[in-house]
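Everything below concerns the one structure shown next.
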Amino acid sequence: MSSQVRFTDFKSDKQPTWCPGCGDFGTMNGMMKALANTGNDPDNTFVVAGIGCSGKIGTYMHSYALHGVHGRALPVGAGVKLANPELEVMVAGGDGDGYSIGAGHFIHAVRRNVNMTYVVMDNRIYGLTKGQASPTSRDDFETSTSPQGPKQPPVNPLALALASGASFIAQSFSSDALRHAEIVQEAIEHDGFGFVNVFSPCVTFNDVDTYDYFRDSLVDLKEEGHDETDYEAAKKVILDSEKEYQGVMYRDENAVPYGEAHGVTENMTEIGDGAPEDAMDLVREFY
Amino acid sequence: MPADFNWAIGGEAGDGIDSTGKIFAQALSRAGRHVFTSKDFASRIRGGYTAYKIRTSVDQVQSVVDRLDVLIALTPRTIEENLDELHDGSVIIYDGDRTTMQGVEIPDEMVGLDVPLKSLAEDAGGAIMRNVVALGAACEVTNFPIENLDSALQKRFGNKGQKLVDNNKDAARLGRDYVGDEYDHEFNFNLETTENDYVLLNGDEAIGMGALAAGCRFYSGYPITPATNVMEYLVGRIERYGGHVVQAEDELSAINMALGAARAGARSMTATSGPGIDLMTETFGLIATSETPLVIVDVMRSGPSTGMPTKQEQGDLNQMLYGGHGEIPRFVITPTSIDECFWKTVEAFNLAEKYNIPVYLAADLALAVTEQTYPPEAFDMDQVEIDRGKLVDEDEIDEWLDESEHFRTHALTEDGISPRAKPGTAGGAHMSTGLEHDELGRRTEDTGMRVEQVDKRNRKVETAIERESFDYREFGNPDSDNLVISWGSNEGALVEALDFLAEDDLDVHVISVPYIFPRPDLSEEINAAENVIVVECNNTGQFANILEHDSLRRVQRINKYNGVRFKADELAEDIKETLAETAEVHQ
Ligand SMILES: Cc1ncc(C[n+]2csc(CCOP(=O)(O)OP(=O)(O)O)c2C)c(N)n1
Ligand code: SF4
Ligand SMILES: [Mg+2]
């Protein structure tokens, strides 16, 4: 079946209600292309979506999916993948979902290194709640709840991932359709937790981190001869606050995914119609 | 009433009290005696007071009583803490050489046995075995064949090498012989043995074993007293059946992982205590709305907030029944004994999948940490049946597709039960969400669909009430005018209280309720009885309130919320007093 899958097979018949021009359209398209290119189909794919404008992606894509509660998509994804490693698991959500309310899970999902993909649709704003500061908003970005700007440095999600022991760190831009799809595809193909922070502009509430801004400032690591397997090189670009990069920053090819490390590689959803055959042994242990 | 014997070892946390107590309990169980254990413990790792208590008899025992026959006291505080339970002729074994025990006063009417535990242990190979020396001394005092202790020591230390086992056996013999040689006192205890084989386990272990029997293959949890044992039991065992345990970063993650595994189609569970339930509550609503089958174990402890983490309480009933914003049905099951912890766990998994609903399985601290003996047949695995409900495969998918070929995961059915398709099933791709949704699991704010989905979810409960037997357990005299109702772990103490009450010619009908929602309708029984008393370990009478609501009748209440479980003799007194009070009112 996989050879005939087209990326549009991953599109549901629900019309997105995102604002016209929202970066999330491009982010989603790239994800669908990457899924199709990696031989997946809607029946073996599980999408977990957070809450936010970004979280609506679960509805606009066609696959098995759960649209969860705010900030908790990552653990859901881990549960799905560990229970059935044959599934392709894709987790998607916003910057608030992933780096604010769900920040605790982010660190531990990165450490845990379950073989799945995490796409953060980073618009540096809370879109769904109509424009409050997000953890990636600039410190002087004026919003309804921060009239003088949050006056706190924005979180650097890539550095957070690196410090948490990530095995794959990448960044893309939703409107660079080709590169974005390529980078997400690499994340899917990575044997472990593939993390992609996607610049996915909010055209309604963020007039600073705009398409123009990213178009003008983005540096593509592919053109810079960056060696993504070099930890020190990765550290350098990740901590460089002068520039915005796209591309794969870091890939640890030796990292062992959680499933392999723990011997959890089989589908655990099939069970018999009674207790396991040797279950009386469990009772005898209590003699 | 069983001719019982009550024994304890107490000291500071960190003194190895638990493991020593467990060895003696195991020895008794292996000798064919029934055992019921309980623990007094402080939550600090060192310091404070902790004790492991054993009630044993050749007959079944299922409660503690306010009585102590033999006490191994490693600290003076152990004696102080137990003065009320010690009686004339009680034996206290202690080591007068221990700095803290020097000059300790043993009450005159009791028998103090000063045994140099530490130096005898050193003779046997190491001071660390001093508690085992004390166990040997206890064998002498109770006329209990030391070979049974050997067998328990073998089980405990066997995997650490025969040398260690032999040293421990020697240590026990030095303790036994010291008492035999130095004290020519006649002890009146005689722990007979029988040919019976028993298993000894606690409620947490019974829940874990029930989960494995029921096909639970995924568990995620975050450590918390007194639920951690469930996770510790599963680790190392669930893997044999292809399953896995994840220690999550917090309870938010634990429940969401369990939810993910359940959405993938695995039988999945998490266990926690009150503070964890609080954190899980938002996701609980999602589980219920997305109609995901999941078993959530709440091993209740004293609350609110951090409360008294190592103390008994049944305070989470309202939380489980009503926790979370909005309204959504859920099942709440409260096993009433340790063997029932096993069977109700199996049932919880079946109910969850038959009705696509989250099931709270609530034990309490008293059930969780108490060990009790059972014949192995009490856990007959051949009786375990697994029913996965409306889980459809590839061939059945078609029946559930709408005209545009979408799987109707929240189909509006007559019985309220919709189909589940495991991810990976061809043609079944669908989503679900915590937003109100249509049959396809997509967000809707359509007023009609909203009402239909709410009604459908409620209809599942009606179907369950029709198809299942949410029954109660009954003890005592069903024709008595005095009805005593309880839920959860109080059953054992109540059943034994019946014997105490019978001594005073008091006749009582006991109803013990393992299902809180859906629950048996008790209004007829309540209205037929002259006196109705509801017994529970909480302050406000959460179950009593429900029963009053159901039966439209006021009930009497016995509430205990000092952190200690009900004891049979004490409960009998409470019931007598309550009945006497009502009699006065009626005069
Ligand atoms: C527990 C909880 N608190 C608050 C909210 C309200 N809320 C919904 S989305 C959101 C922030 C969304 O921001 P982000 O994750 O960046 O997503 P975006 O809309 O920008 O895509 C908030 C605060 C909620 N749904 N749940
Ligand atoms: S508010 Fe912003 S993030 Fe939300 S849909 Fe509109 S453009 Fe996109
Ligand atoms: Mg955002």
Side-chain angles (χ1 to χ4, degrees), chain A residues 1 12-14 42-49 51 56 58-59 61-84 86-87 104-105 107-108 112 262-264 266-276 278-280 282-287, chain B residues 29-30 197-201 205 209 212-215 217-218 220 237 239 241-244 246 248-250 252-254 256-268 282-283 286 290 376 379 381-382 384-386 404 422-435 442-443:
Chain A
M1 172 170 185
S12 84
D13 54 10
K14 268 270 186 204
D43 288 331
N44 86 325
T45 302
F46 200 108
V47 172
V48 189
I51 295 281
K56 295 179 180 178
T59 313
M61 282 178 69
H62 175 60
S63 70
Y64 284 92
L66 184 72
H67 184 207
V69 294
H70 193 24
R72 319 289 166 216
L74 280 173
V76 174
V80 172
K81 183 69 185 182
L82 294 174
N84 185 357
E86 294 152 18
L87 300 173
H105 305 310
I107 292 168
H108 295 281
R112 205 172 276 123
H262 290 266
V264 199
E266 304 283 325
N267 181 342
M268 53 176 83
T269 66
E270 303 286 342
I271 50 172
D273 50 14
D278 57 353
M280 266 330 266
L282 293 170
V283 182
R284 279 186 279 269
E285 276 182 44
F286 290 111
Y287 268 127
Chain B
S29 161
R30 290 192 161 203
D197 275 333
Y198 296 128
V199 291
L200 177 71
L201 69 167
E205 290 164 335
M209 186 164 73
L212 292 181
R217 296 294 172 263
F218 187 87
S220 44
R237 292 185 177 84
E239 298 84 351
Y241 309 105
H244 186 61
V246 182
E249 58 273 25
D250 53 36
L252 301 163
S253 175
N256 278 281
M257 273 191 212
L259 160 63
R263 293 298 307 175
R267 282 202 159 183
S268 158
E282 185 195 13
T283 302
L286 166 65
S290 62
F379 307 96
M381 293 287 179
D382 287 340
V384 172
E385 282 172 22
I386 289 178
S404 57
K422 275 197 287 193
T425 309
H430 66 270
M431 70 168 295
S432 192
T433 169
L435 291 157
R442 294 163 171 192
R443 174 193 195 148

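Atoms considered below: every heavy atom in the structure, side chains included; atoms not considered: hydrogens, waters and symmetry mates. In this text, all values refer to a predicted model and were calculated from it rather than measured experimentally. Convention: sequence-line order gives letters A, B, ...; per-chain numbering from 1.
Environment of CG in A:D13: crowded, with over 12 heavy atoms of neighbouring residues, nucleotides or ligands closer than 6.0 Å. Within a 6.0 Å sphere centred on CD of B:E239, heavy atoms belonging to other residues, nucleotides or ligands number more than 12.
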What's the verdict on side-chain contact (heavy atoms from CB on, under 4.5 Å) for A:E285 and B:M209, showing C-alpha distance, side-chain angles and the deciding distance? CA-CA 11 Å; A:E285 276 182 44; B:M209 186 164 73; over 6 Å; no

Step by step, work out the side-chain contact (heavy atoms from CB on, under 4.5 Å) result for B:V246 and A:L82. CA-CA 10 Å; B:V246 182; A:L82 294 174; 3.8 Å; yes

Let's go through A:Y64 and B:H430 carefully: what are the C-alpha distance in whole Å and the side-chain angles of both, what is the deciding distance for side-chain contact (heavy atoms from CB on, under 4.5 Å) to 0.1 Å, and is it a yes or a no? CA-CA 5 Å; A:Y64 284 92; B:H430 66 270; 3.6 Å; yes

Would you sort out whether A:R112 and B:E249 count as a side-chain contact (heavy atoms from CB on, under 4.5 Å), showing the intermediate values? CA-CA 10 Å; A:R112 205 172 276 123; B:E249 58 273 25; 2.5 Å; yes

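Remark: B:H244 pairs with A:Y258, A:H262 by the ring pair (Phe, Tyr, Trp, His ring centres under 6.0 Å) rule, at least two apart or across chains. Under the rule for a side-chain contact (heavy atoms from CB on, under 4.5 Å), the partners of A:S12 that lie at least two apart in sequence or sit in another chain are A:K14, A:H62, B:R442.
The minimum heavy-atom distance between A:P42 and B:A429, with the atom names listed, is O-CB, 3.9 Å. The minimum heavy-atom distance linking A:A275 with B:M381 is given by the pair CB-O, 3.7 Å. Nearest heavy-atom pair across A:P276 and B:A213 is CD-O, 3.8 Å. Minimum interatomic distance between A:H70 and B:E282 (heavy atoms only, all atoms of both residues): N-OE2, 4.4 Å.
Using a 4.5 Å cut-off between heavy atoms, A:L66 touches chain B through backbone and side chain atoms alike. For B:A258, no part lies near chain A; criterion is any non-hydrogen pair under 4.5 Å. The part of A:V264 that comes within reach of chain B is its side chain, from C-beta onward, which places non-hydrogen atoms under 4.5 angstrom from that chain. When heavy atoms are compared at a cutoff of 4.5 Å, A:T59 approaches chain B by way of both its backbone and its side chain. For a residue to count as touching a neighbouring chain, one of its non-hydrogen atoms must lie under 4.5 Å from one of that chain's; by this rule A:N267 does not touch chain B. Proximity to chain A (any heavy atom under 4.5 Å) is shown, for B:S253, by both the backbone and the side chain. For B:Y241, the part lying under 4.5 angstrom from a heavy atom of chain A is the side chain only. Only the side chain of A:F46 has a heavy atom closer than 4.5 Å to any heavy atom of chain B. At a 4.5 Å heavy-atom cutoff, the contact between B:S432 and chain A is made by backbone and side-chain atoms alike. If you measure heavy-atom distances from B:D250 to chain A, the contacts under 4.5 Å come from the side chain alone.
Ranked by non-hydrogen atom pairs under 4.5 Å with chain B, the options A:N44, A:V69, A:N84, A:I107 are led by A:V69. Comparing B:A261, B:A254, B:G427 by heavy-atom pairs within less than 4.5 Å of chain A, the highest count is held by B:A261. Interface check for chain B: of the options A:A65, A:G272, A:A83, the most heavy-atom pairs under 4.5 Å are formed by A:A65. Chain A forms the most heavy-atom pairs under 4.5 Å with one residue out of B:A426, B:G434, B:S290, and that residue is B:A426.
The closest side-chain heavy-atom distance from A:Y287 to B:V199 is below 4.5 Å.
To the nearest 0.5 angstrom, A:T269 atom OG1 is 13.5 Å from B:R263 atom CZ. Rounded to the nearest 0.5 angstrom, B:T433 OG1 and A:I51 CD1 are separated by 6.0 Å. Rounded to the nearest 0.5 Å, atoms CG (B:L212) and CG (A:L282) are 5.5 Å apart. Atom-to-atom distance recorded for B:N256:CG and A:H105:NE2 is 6.5 Å, nearest 0.5 angstrom.
Using a 4.0 Å cut-off between charged side-chain N and carboxylate O, B:K422 and A:E270 make a salt bridge.
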